[in-house]
Amino acid sequence: MPGLTETSAWKTLAGHHERIAQVHLRELFRDHPGRGESGPEAPPAPENLVAEAAGLYFDYSKNRITVETLPLLAAVAEEASMPARREAMFAGERINVSEDRSVLHVALRMPSSRSLIIDGVDVVKEVHAVLKRMSAFSEEVRSGRWLGHTGKAIRNVVNIGIGGSDLGPVMAYEALKGYSMRDLTFRFVSNVDGADFHESTRDLDPAETLFVVCSKTFTTLETMTNAHTAREWCLAGLGGDKDAVARHFVAVSTNAEGVSEFGIDTGNMFGFWDWVGGRYSMDSAIGLSTMLAIGPDRFQDMLDGFHEMDEHFRETPLTRNLPAIHGLLSLWYRNFFGTRTQAVLPYSEYLHRFPAYLQQLTMESNGKSVTLAGEQVSWQTGAVFWGEAGTNGQHSFYQLIHQGTELIPCDFIGFAHALSPLGNHQDLLISNVFAQAEALAFGKTPEELQAEGVAEALVPHKTFVGNRPTNTIMVDRLTPRSLGALVAFYEHSVFTQGAVWGIDSFDQWGVELGKVLARKIIPELESADVPDLGHDTSTSSLIRRYRRAKGLS
Ligand code: G6Q
């Protein structure tokens with residue numbers, strides 16, 4: 001089988017790139033003014049470069065593409081068997097080859113009327129059984145019926161987890177705070193730095209606090225350390241009676257043995273499955289804190305949003321398929337324009353943790369350099385994703401996006417309606433989305449500056465070359481449902497890229513490495529006897545320096 005860059009579709013696309021790489025977005029819009037139109041005036045697909053699904057309006061017209069580009073990108077995806085791989089995922093085949101696992105986060109949001117049999121088990125039925133238990137538990141806590149050890153109702157929920165067991169829950173909580181039960185306080189502890197636990201609990205009463213310990217493996221150093229500290233904190237505050245654990249701790253895990261060893265009754269455990277990857281788990285029981293915050297019905301709305309985007313991704317031809325288009329455009333810049341990073345800029349304060357969440361989703365998934373068969377790739381894979389909620393970034397790093405030497409494709413995410421409407425804040429906010437994308441695309445020419453009377457010496461400084469690509473994603477309102485659709489949109493964009501690159505987007509051996517390395521050094525930092533340090537001189541000296549600072553020899 002030829003390598004990706006040897007396929008005929010890739011070569012055709014490379015030729016097309018050579019022809020249009022230098023064409024400016026000004027020319028592209030001049031030659032095809034309808035490319036950004038929607039509604040009845042719009043030219044037929046693929047002449048207009050906008051698409052809509054699951055409540056997301058996706059304007060990709062400000063990209064450095066012509067009407068020919070997308071079909072050529074789709075041909076690359078077809079030749080790389082991306083549609084077959086997509087079907088294999090939905091069918092539950094073990095497409096995570098290095099871990100020999102199915103990849104079925106899409107089953108987490110299938111309606112109960114569906115069924116999907118994997119190894120003789122109906123996974124949809126299992127998913128709904130857990131959802132039912134989560135709902136019952138959430139109702140108990142939210143109604144005040146679930147009492148702590150001393151008989152007080154729960155007022156604080158502390159989620160303990162890291163990586164995929166933290167970033168999704170905290171992002172979703174922040175995003176949907178406007179829908180949350182405001183008399184419950186939510187905190188998220190992830191870092192093994194004791195400061196995280198301390199600062200998250202210092203003002204809480206253990207008698208009113210519930211810990212949700214989220215760990216797929218229930219062995220992760222940071223989470224287990226924080227969970228043990230939480231147990232000590234709780235017992236110390238409640239008179240040391242071990243029975244208190246049952247009323248103040250629940251677990252979300254696939255490891256029932258580990259949960260019960262820790263001392264949590266498995267009756268208070270919510271399970272999930274090895275076919276749910278950590279970074280794809282916010283809609284599994286890992287989302288228990290989300291459900292506690294917004295309630296079971298809204299959690300179901302979020303799942304419905306995910307599912308609607310799943311169905312769109314599964315069934316729509318690639319050239320009208322939102323996540324596929326987004327993924328293929330990312331690949332277009334990464335592989336043909338040599339871009340190294342991509343910015344995600346949500347214009348909603350509620351989405352301030354969304355870039356961090358996406359960073360894990362994109363970079364842990366596609367930060368790979370061997371193919372599924374284990375061969376070194378000879379093409380670039382995952383870009384660096386980063387971002388910040390608008391408009392804050394405009395007052396810091398946007399300068400480089402506008403006038404720096406690095407080409408950075410950007411995603412702008414905006415909402416038509418504010419969740420916290422105040423005066424004309426929303427108009428001001430969204431005007432910035434439109435203005436930034438417009439300025440990035442079209443820039444400002446020296447001639448325009450001269451016509452404005454700008455001093456000649458300042459013209460180069462004030463010139464904006466433009467031709468900087470952006471996507472604009474417009475959504476009516478940030479709701480549980482639209483959040484689900486938005487997350488699924490990015491999940492499937494990541495899938496599309498990984499499938500074309502031929503890599504395993506669902507393993508994370510780099511994370512596993514970190515888990516092993518630290519465990520080796522811990523005893524060398526703590527032993528009373530001088531340890532025999534077999535590291536390089538730099539690492540050994542750093543360890544000795546740390547020991548001396550602690551008063552050890
Ligand atoms: C996600 C990764 C990783 C994982 C954490 C926590 O895809 O696998 O971020 O979620 O390392 O792992 P546990 O849930 O097992 O504690």
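Whatever order the structure lists them in is the order used to number ligands and atoms, beginning at 1.
- The distance between the ring centers of H326 and F489 falls below 6.0 angstrom.
- Close approach of ligand 1 to R279 is summarised as follows: ligand atoms under 4.0 Å from at least one heavy atom of the residue are 1 (C), 7 (O).
- In terms of polar-atom proximity, E512 is not counted as a contact of ligand 1, lacking any N or O under 3.5 Å from an N or O of the ligand.
- Counting only heavy atoms from C-beta outward, the side chains of L104 and V106 approach each other to under 4.5 Å.
- Here is the list of ligand 1 atoms found below 4.0 Å of a heavy atom in G278: 1 (C), 7 (O), 10 (O).
- Annotation: atom 6 (C) of ligand 1 to nearest protein heavy atom, I162 O, 3.2 Å.
- Listed by number with element, the atoms of ligand 1 under 4.0 Å from a non-hydrogen atom of S215 are 13 (P), 14 (O), 15 (O), 16 (O).
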Which donor-acceptor pairs under 3.5 Å do the side chains of residues 158-166 make with protein atoms, sequence neighbours left out?
residue	atom	partner	partner atom	Å
N159	ND2	S165	O	3.3

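- Donor-acceptor pairing under 3.5 Å is recorded for the side chains of S493 and Q497.
- Nearest-residue assignment for atom 15 (O) of ligand 1 (options T217, V276, T223, L361; heavy-atom criterion): T217.
- For the 3.5 Å distance criterion, the side chains of D310 and H492 qualify, holding a donor opposite an acceptor.
- In this structure, the ring of Y347 has its center no less than 6.0 angstrom from the ring center of F415.
- Within the cation-pi definition used here (under 6.0 Å to the ring centroid, within 45° of the axis), R86 does not qualify as a partner of F495.
- Polar contact with ligand 1: present for G164 (N/O pair, distance under 3.5 Å).
- The option from Q508, E222, M224 that lies nearest to atom 8 (O) of ligand 1, judged by heavy atoms, is Q508.
- Within the structure, ligand 1 has K515 among the residues with a heavy atom less than 4.0 angstrom away.
- At the shortest separation from atom 9 (O) of ligand 1 among protein heavy atoms lies Q360 NE2, 2.7 Å.
- When L167, T220, V213 are checked for heavy-atom proximity to atom 13 (P) of ligand 1, T220 turns out nearest.
- Y490 has its ring centre less than 6.0 Å from the ring centre of F354.
- Looking from atom 2 (C) of ligand 1 to the surrounding protein, the closest heavy atom is E364 OE1, 2.9 Å.
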